[in-house]
Amino acid sequence: MVVKARQRSGKGPGPLRLPLTLADREWTERLPIYAWVIEHPEGVIVVDTGETARVSEPGYFPRWHPYYRLGVKEWVEPEQEIGPQLRAVGIEPDAVRWVVMTHLHTDHAGGLGHFAKSEILVTRREFANARGMLGKLRGFLPHRWPEWFLPTLIDLESQQHGPFPQSLRLTDAGDVIIVGTTGHTPGHVSVVLEEDDRSILFAGDTSYTEQLMIEGETDGVSPDLGAARMSLRWIQDFASQRPVVYLPSHDPGSAQRLHERRAVTMST
Ligand SMILES: [Zn+2]
């Protein structure tokens with residue numbers, strides 16, 4: 001996908017950031033749309049579902065919506081969808097136990113159709129914000145969700161995990177934790193996998209690159225700038241306290257950092 005450069009790194013005061021993003025003439029380079037899979041003893045866990053190849057059908061995106069008219073372009077081949085991608089690494093989508101959605105934007109929810117047999121977890125807040133006509137106005141595509149889509153609505157608990165004030169343990173082992181990272185959307189979450197002495201942070205759209213997180217630079221589309229900044233601060237603190245492999249969905253460097261288990265270096 002490509003978005004406007006100012007979506008990746010927002011400019012201007014709060015209410016002007018979205019219009020300034022849409023008016024931006026500069027596009028980013030082509031960005032990946034990552035989704036993640038954890039082969040856990042308690043069951044296979046998928047974080048986000050990527051995008052659907054249907055984006056190339058004329059009229060798939062609502063043309064009346066300024067973001068889809070001006071702000072984004074996507075190219076997805078059928079074999080790039082998450083179903084075929086999982087099969088390519090020997091995992092049947094039907095065998096996935098949990099799908100955790102960081103948020104419901106189309107480039108994270110477009111692959112939901114591959115997971116009719118899985119339990120899909122969405123925060124109550126995210127679901128309420130994304131559904132219906134208001135959801136459409138906010139840029140979600142609820143009319144494209146599968147007919148059968150009835151996610152398990154979760155509420156985070158006031159249970160601290162590192163610097164994150166709200167969390168929810170997913171596995172009995174306690175090694176996969178959903179943490180609240182609101183800002184990019186009101187119900188946005190990230191997923192932490194505690195692995196030996198390090199944490200892998202599947203971060204959704206908390207920032208578009210690791211460097212922008214380190215710099216505390218929020219994007220140009222977050223409806224709540226203060227919340228987005230706060231979430232970045234929690235992530236910075238987390239990465240200062242322990243080795244954290246930070247994996248935003250659209251950072252071209254995420255896959256390599258995961259492969260190498262390369263932790264964030266917070267310069268002090
Ligand atoms: Zn998003």
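Just follow the structure's listing: the first ligand is 1, and inside any ligand the first atom is 1.
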message: Using 30° and 60° as the class boundaries, would you call the ring planes of Tyr34 and Trp36 parallel, tilted or perpendicular?
response: tilted
- prompt: Relative to the Zn ion (ligand 1), how many protein N, O or S atoms have a separation of less than 2.8 Å?
  reply: 4
message: Parallel, tilted or perpendicular, judged at 30° and 60°: which one describes the rings of His103 and His184?
response: perpendicular
- prompt: Given Thr185, which of His108, Glu126, Arg125 fulfils the side chain to side chain donor-acceptor pair (under 3.5 Å) condition?
  reply: Glu126
- prompt: Parallel under 30°, tilted from 30 to 60°, perpendicular over 60°: which one fits the rings of Phe127 and Trp145?
  reply: parallel
Pair listing, ring-ring contact (aromatic ring centres under 6.0 Å, His included) test, anchored in residues 228-248, at least two apart: Phe164-Phe238
query: Got a donor-acceptor contact below 3.5 angstrom from the Thr171 side chain to the Asp175 backbone?
result: yes
